[in-house]
Amino acid sequence: MATNVLTLVGSLRSGSTNAQLAEAAVATAPEGVEVSVFQGLENIPFYNEDIDVEGHVPAAAAELRAAAADADALLLVSPEYNGTIPAVLKNAIDWLSRPYGAGAATDMPTAVIGTAFGQFGGVWAQDEARKSATIAGAKVLEDVKLSIPNSVVRFAETHPKDDSEVVEQLADVLGKLRAAAELN
């Protein structure tokens, strides 16, 4: 049986290099791993405990929780916005963290990767995403990292799925997520 990896992309921009990185994960996933990218993060309202009421959870948030519940692992793909995690990704983590102690992210093997325009590949945002996911209850694989710098230049004419170094690094990340999910 394949390990189902749910991928959340923190960039909503058309043509986002982080969305392309997620597409590369889907297209080049190693044997035994199925990667799906959740669509619709932009439709999820900001987390508010007043609207997180059984039977009245907003449909988009319920869809996210159901997708996470069906997954064996999470892959968070984060660009860096002003030195930190994009609000849309943080909001998704917040929804997955509830109900406290029993949210859809609880004990879920999770890895954080990404690409950014700058020379460090978005490491600050990825560190923040790891921190947030850990506090949300996920089993973040702290040693599994992939930060690709200079994305605008590196992927100007090459999709990440056609970059052999990126494909090899993605296979490593996904293989480690699969191993963690099998132990879970």
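Hydrophobic cluster membership of V33, counting Ile, Leu, Val, Met, Phe, Trp and Tyr whose side-chain heavy atoms lie under 4.5 Å apart directly or via other members: V5, V9, L21, V26, V35, V37, L75, V77, I113, L141, V144, L146, I148, F155, V166, L170, V173, L174, L177. Other cluster members for F46: none, since no ILVMFWY side-chain heavy atom sits under 4.5 Å from it.
Of all the heavy atoms in A136 and A105, the pair that sits closest is O-CB, 4.4 Å. Considering every non-hydrogen atom in both S11 and N18, the closest pair reads CB-CB, 4.5 Å.
In this structure, CG on L96 lies 8.0 Å from CG on L6, to the nearest 0.5 angstrom. Taking CG of L74 as the start and CZ of F38 as the end, the distance is 11.5 Å to the nearest 0.5 Å. Here CD1 of I93 is found 10.0 Å from CD1 of I135. Values are rounded to the nearest 0.5 Å. Note: L41 CG to N91 CG = 8.5 Å, rounded to the nearest 0.5 Å. Between D127 atom CG and E80 atom CD the span is 9.0 Å, to the nearest 0.5 Å. Separation of atoms CD (Q169) and CD (E165) is listed at 4.5 Å; rounding is to 0.5 Å.
For CD of E31, the number of neighbouring non-hydrogen atoms (other residues, nucleotides, ligands) closer than 6.0 Å is 12 at most. Within a 6.0 Å radius of CG in D143, more than 12 heavy atoms belonging to other residues, nucleotides or ligands are found.
Using a distance-only test at 3.5 Å, with no hydrogens or angles considered, no donor-acceptor pair links the side chain of Q20 to the main chain of H159. For the pair R65 (side chain) and A61 (backbone), a donor-acceptor distance under 3.5 Å is absent. Without hydrogens or angle criteria, N4 side chain to D70 main chain gives a donor-acceptor distance under 3.5 Å.
At least one side-chain heavy atom of S78 sits under 4.5 Å from a side-chain heavy atom of P86. Residues F117 and P79 form no side-chain contact, since every pair of their non-hydrogen atoms from C-beta on lies 4.5 Å or further apart. Looking only at side-chain heavy atoms (C-beta outward), E142 and R130 come within less than 4.5 Å of each other.
Under the side chain to side chain donor-acceptor pair (under 3.5 Å) criterion, no residue pair touches residues 97-125, with sequence neighbours excluded.
The side-chain contact (heavy atoms from CB on, under 4.5 Å) test applied to K90 returns I85, D94, S132, not counting sequence neighbours. In terms of the ring pair (Phe, Tyr, Trp, His ring centres under 6.0 Å) criterion, residue partners of Y47 (sequence neighbours excluded) are, by chain and number, W95. Partners of K139 according to the side chain to side chain donor-acceptor pair (under 3.5 Å) rule, which considers only residues two or more places apart in sequence or in another chain, are N184.
Grouping the Ile, Leu, Val, Met, Phe, Trp and Tyr side chains by contacts below 4.5 angstrom, directly or via other members, places V112 with L12. Residues L8 and M108 fall within the same hydrophobic cluster, defined by Ile, Leu, Val, Met, Phe, Trp and Tyr side chains chained together at heavy-atom separations under 4.5 Å.
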Pair D172-K176, salt bridge (charged side-chain N to carboxylate O under 4.0 Å, His left out): steps then yes or no: CA-CA 6 Å; D172 183 58; K176 289 177 178 172; 3.3 Å; yes
